[in-house]
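Step one of this worksheet: look at the structure below.
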Amino acid sequence: MQLVVARIGRAHGIKGEVTVEVRTDEPELRLGPGAVLLTDPASTGPLTIETGRVHSGRLLLRFEGVRDRTAAEALRNTLLIAEVDPTEMPEEEDEYYDHQLIDLDVVLADGTEVGRITEISHLPSQDLFIVERPDGTELMIPFVGEIVTEIDLEEQRAVIDPPPGLIDDRAEIASSREDEAGSGSGEERA
């Protein structure tokens with residue numbers, strides 16, 4: 001199975017290094033020296049990582065055969081793709097690869113069907129499950145422990161405990177303005 005693990009950014013310096021936008025939770029495993037990565041577009045690869053280092057909070061990589069700024073700049077916006085065994089599990093216990101979560105059934109704790117995960121959206125603050133409901137509409141469910149209470153890969157399901165309004169339109173909205181307007185004006189309301 002192929003997973004996008006990074007996107008090459010701009011050239012850094014004059015010796016062939018590039019900045020990299022990391023798209024994996026395991027950069028030390030996927031983007032270490034000696035790693036051979038496929039590319040998109042395919043014509044720029046495969047690329048073998050020669051060196052890697054962190055500079056000012058950004059990962060910098062140098063690839064075999066890329067020795068100057070011009071060659072490094074030619075790689076800009078190239079996606080780096082790792083070949084991963086589909087049975088491989090992340091190192092941390094409560095972590096999952098996207099391909100493990102796609103197509104899981106989403107249910108409430110009582111077993112009520114909510115939908116099916118069709119996509120994972122990786123945002124800076126948290127990840128979101130994009131869930132297709134049986135009627136074809138989509139929901140966005142934050143992938144946080146308070147809401148997603150269980151991931152069961154054997155049963156192919158994600159159990160959620162959503163706050164009011166996340167999956168339905170019947171959220172209770174408490175407004176202090178209505179109370180103040182009704183009690184202070186002396187008018188009766190119908």
Side-chain angles (χ1 to χ4, degrees), residues 1-104 106 116-132 138-148 150-154 156 158:
M1 165 171 286
Q2 296 182 341
L3 298 176
V4 174
V5 293
R7 184 183 65 79
I8 297 175
R10 61 181 178 77
H12 178 84
I14 60 171
K15 297 183 179 181
E17 285 185 312
V18 294
T19 61
V20 176
E21 175 189 310
V22 177
R23 295 187 179 176
T24 177
D25 289 338
E26 301 170 319
E28 64 285 343
L29 177 67
R30 308 277 180 228
L31 300 171
V36 178
L37 301 167
L38 301 174
T39 60
D40 182 8
S43 60
T44 58
L47 294 172
T48 302
I49 298 174
E50 188 173 283
T51 63
R53 67 186 178 103
V54 176
H55 175 72
S56 298
R58 302 265 308 158
L59 179 61
L60 302 178
L61 296 179
R62 179 180 296 134
F63 299 101
E64 289 180 6
V66 178
R67 294 284 169 238
D68 60 30
R69 185 175 187 86
T70 303
E73 194 60 42
L75 297 174
R76 190 175 197 153
N77 293 322
T78 298
L79 295 177
L80 299 174
I81 302 166
E83 190 68 43
V84 177
D85 179 353
T87 61
E88 183 180 328
M89 294 293 287
E91 292 177 0
E92 297 294 320
E93 185 178 325
D94 289 338
E95 289 185 358
Y96 304 93
Y97 293 128
D98 287 4
H99 71 271
Q100 294 173 305
L101 301 172
I102 300 292
D103 287 333
L104 290 185
V106 178
R116 182 180 55 82
I117 300 172
T118 58
E119 184 182 339
I120 312 294
S121 181
H122 300 282
L123 303 177
S125 59
Q126 67 192 16
D127 295 336
L128 289 175
F129 290 161
I130 309 301
V131 177
E132 184 178 321
E138 285 187 341
L139 291 171
M140 291 185 276
I141 308 282
F143 186 22
V144 294
E146 297 80 29
I147 297 173
V148 181
E150 179 186 355
I151 298 288
D152 187 338
L153 296 178
E154 269 186 39
Q156 288 290 289

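From a predicted model like this one, the values you see are computed outputs, not experimental measurements.
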Using side-chain heavy atoms (C-beta onward) and a distance below 4.5 Å, is [X] in contact with [Y]?
X: Phe129; Y: Leu104; value: no
X: Phe63; Y: Ile8; value: yes
X: Val18; Y: Leu60; value: no
X: Ile151; Y: Leu153; value: yes

Problem - Sole candidate of His12, Arg69, His55, Arg53 that passes side chain to side chain donor-acceptor pair (under 3.5 Å) when paired with Glu17 - result: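 The single option meeting the side chain to side chain donor-acceptor pair (under 3.5 Å) with Glu17 is Arg53.
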
If you round to the nearest 0.5 Å, how far is [atom2] of [Y] from [atom1] of [X]?
X: Leu79; Y: Glu21; atom1: CG; atom2: CD; answer: 9.0 Å
X: Asp40; Y: Gln2; atom1: CG; atom2: CD; answer: 9.5 Å
X: Leu37; Y: Thr48; atom1: CG; atom2: OG1; answer: 8.0 Å
X: Ile117; Y: Gln156; atom1: CD1; atom2: CD; answer: 9.5 Å

I need the minimum non-hydrogen distance between [X] and [Y], along with the two atoms involved.
X: Leu75; Y: Thr78; answer: O-OG1, 2.7 Å
X: Leu38; Y: Pro46; answer: CD2-CB, 4.4 Å
X: Gly52; Y: Leu61; answer: CA-CD2, 3.8 Å
X: Thr39; Y: Gly45; answer: OG1-N, 3.0 Å
X: Pro142; Y: Leu128; answer: CA-CD2, 3.5 Å
X: Ala72; Y: Gly16; answer: CB-O, 3.7 Å

Handout entry: Residues which pass salt bridge (Lys or Arg N to Asp or Glu O under 4.0 Å) with Arg58, listed by chain and number, not counting sequence neighbours
Key =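 Applying salt bridge (Lys or Arg N to Asp or Glu O under 4.0 Å) to Arg58 gives none.
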
Exercise for the section: Using side-chain contact (heavy atoms from CB on, under 4.5 Å) as the criterion, list what pairs up with Thr51, not counting sequence neighbours. Expected result: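 Expected list: Arg62.
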
Exercise for the section: May I have the step-by-step check of side chain to side chain contact (heavy atoms under 4.5 Å, CB included) for Met140 and Ile130, ending in yes or no? Expected result: CA-CA 5 Å; Met140 291 185 276; Ile130 309 301; 3.6 Å; yes

Problem - Crowding at CD1, Ile14 (>12 non-hydrogen neighbours, <6.0 Å) - result: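 Result for CD1/Ile14: open.
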
